[in-house]
Amino acid sequence: MSTACFSEWRKLPVSLSELCINTTLRCGQSFRWQKLPDDDEWRCVLRGRIISLKQDPTHLYYRYYSPPSTAPLPTPPASTSPSRAASKSANDDSESQSETASDDTLALIKHYFNLSSELTRLYSEWSSLDPNFKKKAPQFTGIRILRQDAWEALVSFICSSNNNISRISQMVEKLCINYGPLIGTIGGRAYHDFPSPQALTGKDVESRLRGLGFGYRAKYIYNTAVMVANEREEGWLDTLRNPESPAFGMEPAHGGEMRPEGREGYRVAHEQLLALQGVGPKVADCVCLMGLGWGEAVPVDTHVWQIAQRDYKFGRGAHKTLNKATYDAVGNHFRKLWGKEAGWAHSVLFTADLKTFSERLTTSKKVKVDVDVKKEEDGEEDVEIKTTVTTAVASKRKIKEEEDIDEGEAKKGKDKVVVQAAETTHTRRASKRLRKQ
DNA sequence: CGTAGACCTCAAAA
DNA sequence: ATTTTGAGGTCTA
């Protein structure tokens with residue numbers, strides 16, 4: 001019954017190397033997407049609208065949910081930037097309204113996934129500039145930086161400090177349920193949008209968040225909400241955006257000249273964010289990259305610091321420890337190496353280092369994988385990894401939400417074998433990093 | 001100015 | 001089964 005309110009699935013031609021939602025939505029950028037247990041459907045509330053996504057090797061499929069009671073076109077409930085709430089003229093034709101919502105949903109998805117930039121071309125540029133990237137990237141294609149709401153990104157990454165992705169997701173969920181507007185209920189599950197800054201300025205917010213398990217971050221969130229809602233102009237966060245990557249519905253403009261430290265607008269945004277409670281350099285860079293569209297922002301967390309030491313010769317001499325100077329040096333190094341979208345490239349290597357995904361790098365020598373070397377037209381040797389579906393699901397073992405449905409790597413040249421959704425049992429202890437290279 | 005400790009919680013390791 | 005560790009940092013002394 002609940003599906004009666006969903007639109008039909010629409011499709012958009014996208015290859016897995018241009019976008020892999022199974023990786024992009026799980027690599028710690030956004031903490032709100034939910035994968036439905038049954039099929040490979042992902043669901044989230046975006047700008048007041050419940051969106052569902054799924055993907056096959058050639059297309060991204062999307063549909064949106066219209067709450068039965070209210071008007072078909074959901075009114076964006078002022079999640080963050082209530083200013084331009086898309087003042088649609090009141091029309092009575094419901095069919096044209098759903099058409100409008102459908103077009104709008106497509107525009108929303110293109111905006112959210114930054115689909116205007118060619119990821120494949122960026123990957124080959126980064127590969128030509130950096131042997132280490134070239135080595136790691138083939139197993140992690142289709143990883144994009146999302147264009148998230150800036151306020152949501154800010155709060156999410158305040159939650160991320162000294163924390164793990166699983167709990168960050170739980171905390172963000174609690175924020176939405178307790179303080180965000182209810183958008184709809186599907187199959188008994190309530191879908192809320194992310195709360196506005198003013199929704200988190202209540203006197204009891206800190207204590208209540210503590211009660212919900214936020215720990216010391218409760219105060220940061222409350223203080224930051226007060227600062228943004230009461231001590232900044234309306235729409236202040238969006239004024240810090242990269243003009244090339246504007247908020248939904250706005251026209252792009254020039255973003256400034258690139259330098260090793262990043263463009264001027266990025267430096268300004270970073271500095272401004274540091275004034276907020278619970279926002280240090282790393283969180284500020286996360287917000288700049290994923291919430292404000294500054295592609296050169298490189299958040300240096302423990303993972304990236306380890307990568308910098310292991311693969312880029314940091315950790316000695318002047319940059320022995322990760323202090324402020326080293327933090328900047330690491331970012332500058334990657335900006336000089338990868339260029340204006342260094343943060344995008346960083347995200348690929350970061351994901352490769354996540355425990356959830358790192359199996360892909362070592363699994364080739366472990367089990368259940370056919371590796372065959374073939375010549376590509378450009379004369380380079382390329383290792384193709386086919387993950388076979390040796391799932392052995394037989395027993396009663398219930399794989400609880402830890403299953404790892406991998407996309408088959410997009411094949412070119414040869415016929416489109418494309419192992420779709422290869423299932424592996426994913427013995428959790430899978431594989432440690434064996435070699436220090 | 002740059003550097004140790006404390007800070008909440010929880011699930012995975014030991 | 002119970003304790004310890006560590007997880008995408010930041011603030012403060």
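Atoms considered below: every heavy atom in the structure, side chains included; atoms not considered: hydrogens, waters and symmetry mates. Just so we're on the same page: letters track the sequence lines, and every chain starts at 1. Predicted, not measured: the structure shown is a model, and the values here were computed from it.
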Is [X] touching bases, backbone alone, or none of the nucleic acid, heavy atoms closer than 4.0 Å?
X: C159(A); value: nothing
X: I165(A); value: base
X: Q29(A); value: base
X: L276(A); value: sugar-phosphate
X: V304(A); value: nothing

Looking at [X], I'd like to know whether one of its side-chain N or O atoms comes within less than 4.0 Å of OP1 or OP2 on [N].
X: S160(A); N: dA7(C); answer: no
X: R210(A); N: dC8(B); answer: yes
X: N323(A); N: dT3(B); answer: yes

Between the main-chain N or O of P197(A) and the side-chain N or O of T201(A), is there a donor-acceptor pair closer than 3.5 Å? no
With a 3.5 Å distance limit and no angle check, can you tell me whether Q55(A) reaches the backbone of I21(A) through a side-chain donor-acceptor pair? yes
For [X] and [N], what is the distance between atoms [atom1] and [atom2] respectively, to the nearest whole Å?
X: K355(A); N: dA11(B); atom1: NZ; atom2: C1'; answer: 9 Å
X: F214(A); N: dT9(B); atom1: CZ; atom2: C1'; answer: 11 Å
X: Q170(A); N: dC10(B); atom1: CD; atom2: P; answer: 8 Å
X: Q309(A); N: dG8(C); atom1: CD; atom2: P; answer: 16 Å
X: L273(A); N: dG9(C); atom1: CG; atom2: C1'; answer: 15 Å
X: L322(A); N: dG2(B); atom1: CG; atom2: P; answer: 14 Å
X: K174(A); N: dC10(B); atom1: NZ; atom2: C1'; answer: 10 Å
X: N223(A); N: dT12(C); atom1: CG; atom2: C1'; answer: 15 Å

Take atom [atom1] in [N] and the same atom in [M], then report the distance between them in whole Å.
N: dG5(B); M: dT5(C); atom1: P; value: 16 Å
N: dC7(B); M: dG6(C); atom1: C1'; value: 14 Å
N: dT10(C); M: dG2(B); atom1: C1'; value: 15 Å
N: dC8(B); M: dT3(C); atom1: P; value: 22 Å
N: dC1(B); M: dA13(C); atom1: C1'; value: 14 Å

Counting distance alone, no hydrogens or angles: does the base of [N] have a donor or acceptor under 3.5 Å from a partner atom on the side chain of [X]?
X: Y216(A); N: dG9(C); value: yes
X: R217(A); N: dC8(B); value: yes
X: K282(A); N: dG9(C); value: no

Please name the nucleotide paired to dC8(B) by Watson-Crick or G-U wobble geometry with both distances under 3.5 Å, or report none. none
With both distances under 3.5 Å as the test, what is the Watson-Crick or G-U wobble partner of dG8(C)?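 The answer is none; no pair meets the criterion.
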Ring centroid separation for F314(A) and H333(A), is it under 6.0 angstrom?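 For F314(A) and H333(A), the ring centres are under 6.0 Å apart.
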Ring centroid separation for Y123(A) and F133(A), is it under 6.0 angstrom? yes
Under 4.0 Å between a Lys/Arg side-chain N and an Asp/Glu carboxylate O for R32(A) and E152(A)? yes
Nearest to the side chain of P281(A) - dT3(B), dG8(C), dT10(C)? dT10(C)
Between dG8(C), dC7(B), dT3(B), which one does the side chain of N162(A) approach most closely? dC7(B)
Distance alone, cut at 3.5 Å: any donor-acceptor contact between the side chains of Y222(A) and Q277(A)? no
Give a yes-or-no answer on whether the side chains of N114(A) and R147(A) include a donor-acceptor pair shorter than 3.5 Å. yes
Name the residue closer to the 5' end of DNA chain C, choosing between F31(A) and Y220(A) according to the nucleotide with the nearest heavy atom. F31(A)
